[in-house]
Amino acid sequence: MSRTTRAHTIREHLRKGGLTDLRLDVAKQRAPDEQETDGFSVRQHKDETGALVVVAGAYGPNWLRTQAEICGLLERPFVRCVVLAEAPGVADHEVLVRWGTAEELRARAHAQAARQAELVAQLRKQEAEQRAEAERQAREDAGQYGLF
């Protein structure tokens with residue numbers, strides 16, 4: 001059973017991320033495109049294990065973009081949440097949010113490191129080349145030229 005996830009905590013993460021909190025009641029959370037402005041709304045929900053989790057819904061004319069932003073904001077490493085788009089009791093415009101387990105967060109960190117490995121290697125190579133060039137230039141400026 002996962003830890004209890006509170007709506008006010010998730011709401012605060014999304015608001016700090018720049019999204020608009022529409023604070024819709026449950027009756028208005030069923031249609032994503034009825035709102036005139038893009039934003040989100042959250043509500044408490046019990047998952048199949050009985051744990052208290054949060055359902056975050058995206059609303060407005062561009063609710064797909066808002067939903068992608070919700071996922072991106074809540075899956076940042078320091079937020080430590082797991083976002084599930086396909087879950088029982090969740091509509092197309094909603095995602096289920098719960099605290100991630102240590103294994104899930106570790107797997108996410110390893111996957112991100114693997115995706116960035118090539119870029120990190122390339123950056124380190126460029127930094128080494130720049131350091132070598134700076135050292136060579138410093139020796140030349142000091143009057144020490146290479147023999148070859």
Side-chain angles (χ1 to χ4, degrees), residues 1-139 141:
M1 192 155 137
S2 65
R3 285 178 36 199
T4 298
T5 309
R6 299 285 180 196
H8 63 86
T9 305
I10 302 304
R11 179 181 292 120
E12 195 61 29
H13 283 300
L14 294 174
R15 282 183 36 221
K16 285 182 180 177
L19 295 178
T20 304
D21 184 8
L22 300 175
R23 291 198 178 260
L24 301 174
D25 59 359
V26 178
K28 290 186 179 180
Q29 288 186 7
R30 296 296 168 215
D33 51 1
E34 286 183 1
Q35 301 300 317
E36 293 181 10
T37 60
D38 289 329
F40 73 94
S41 189
V42 295
R43 72 176 188 274
Q44 292 293 154
H45 180 73
K46 283 196 177 190
D47 67 359
E48 61 275 356
T49 64
L52 198 58
V53 295
V54 174
V55 174
Y59 301 92
N62 200 354
W63 64 269
L64 283 171
R65 181 187 55 83
T66 304
Q67 187 178 32
E69 288 179 12
I70 288 171
C71 294
L73 290 170
L74 294 176
E75 288 185 337
R76 293 180 293 184
F78 62 89
V79 177
R80 305 172 75 98
C81 285
V82 173
V83 179
L84 305 170
E86 300 293 325
V90 176
D92 289 341
H93 65 284
E94 296 174 330
V95 292
L96 187 87
V97 182
R98 64 173 175 79
W99 292 115
T101 62
E103 294 84 25
E104 290 169 332
L105 298 174
R106 208 175 2 260
R108 186 189 306 165
H110 286 302
Q112 183 178 6
R115 285 191 306 269
Q116 295 176 348
E118 184 178 335
L119 178 62
V120 169
Q122 191 177 30
L123 287 173
R124 287 187 179 150
K125 180 180 174 185
Q126 287 176 350
E127 288 173 352
E129 290 172 355
Q130 288 173 351
R131 274 195 307 272
E133 179 62 28
E135 289 173 7
R136 187 192 62 75
Q137 188 64 39
R139 283 194 304 269
D141 292 344

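What you see is a predicted model; the values in this text were computed from it and never measured.
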(message) Tell me whether the count of non-hydrogen atoms from other residues, nucleotides or ligands lying under 6.0 Å of CD in Gln126 goes above 12.
(response) yes
(request) Please determine if Arg15 and Glu12 form a salt bridge, counting it only when a charged side-chain N lies under 4.0 Å from a carboxylate O. (result) yes
(request) With rounding to the nearest 0.5 Å, note down the distance linking CG in Leu22 to CD in Gln29. (result) 9.5 Å
Atom pairs and distances, donor-acceptor, side-chain atoms in residues 61-75, under 3.5 Å, two or more places apart:
{"unit_1": "Arg65", "atom_1": "NH1", "unit_2": "Glu69", "atom_2": "OE2", "d": "2.4"}
{"unit_1": "Arg65", "atom_1": "NH2", "unit_2": "Asp38", "atom_2": "OD2", "d": "3.1"}
{"unit_1": "Thr66", "atom_1": "OG1", "unit_2": "Asn62", "atom_2": "O", "d": "3.3"}
{"unit_1": "Gln67", "atom_1": "NE2", "unit_2": "Asp92", "atom_2": "O", "d": "3.3"}

(message) Going by salt bridge (Lys or Arg N to Asp or Glu O under 4.0 Å), name the residues that satisfy it together with Arg43, two or more places apart in sequence or in a different chain.
(response) Glu94
(message) Within this structure, what is the CG-CD distance for the pair Leu123 and Gln116, rounded to the nearest 0.5 Å?
(response) 10.0 Å
(request) Tell me, please, which residues at least two apart from Glu34 pass salt bridge (Lys or Arg N to Asp or Glu O under 4.0 Å). (result) none
(message) Quick check: closest heavy atoms across Gln44 and Thr5, and the distance to 0.1 Å?
(response) NE2-O, 3.1 Å
(message) I want to check something: taking the side chain as every heavy atom from C-beta on, are Asp21 and Leu14 in contact at a cut-off of under 4.5 Å?
(response) no
(request) Determine which pairs satisfy ring-ring contact (aromatic ring centres under 6.0 Å, His included) with at least one residue from residues 64-97, sequence neighbours left out, and list them in order. (result) Tyr59-His93
(request) Look at the side chain of Ser41 and the backbone N and O of Gly57, then say whether any donor-acceptor pair between them is shorter than 3.5 Å. (result) no
(message) Quick check: closest heavy atoms across Val55 and His45, and the distance to 0.1 Å?
(response) CG2-CB, 3.5 Å
(message) Checking Glu133 now: which residues fulfil salt bridge (Lys or Arg N to Asp or Glu O under 4.0 Å) with it, not counting sequence neighbours?
(response) Arg136
(message) Distance check, rounded to the nearest 0.5 Å: Ile10 atom CD1 versus Phe40 atom CZ?
(response) 10.0 Å
(request) Would you list the pairs meeting salt bridge (Lys or Arg N to Asp or Glu O under 4.0 Å) in which at least one residue belongs to residues 99-111, sequence neighbours left out? (result) Arg98-Glu104
(message) As a test of understanding, state which of Glu127, Glu129, Gln122 forms a side-chain contact (heavy atoms from CB on, under 4.5 Å) with Lys125.
(response) Glu129
(message) I'd like to know if the side chain of Glu36 and the backbone of Gly60 have a donor-acceptor N/O pair within less than 3.5 Å.
(response) no
(request) Determine whether more than 12 heavy atoms belonging to other residues, nucleotides or ligands lie under 6.0 Å from atom CZ of Arg11. (result) yes
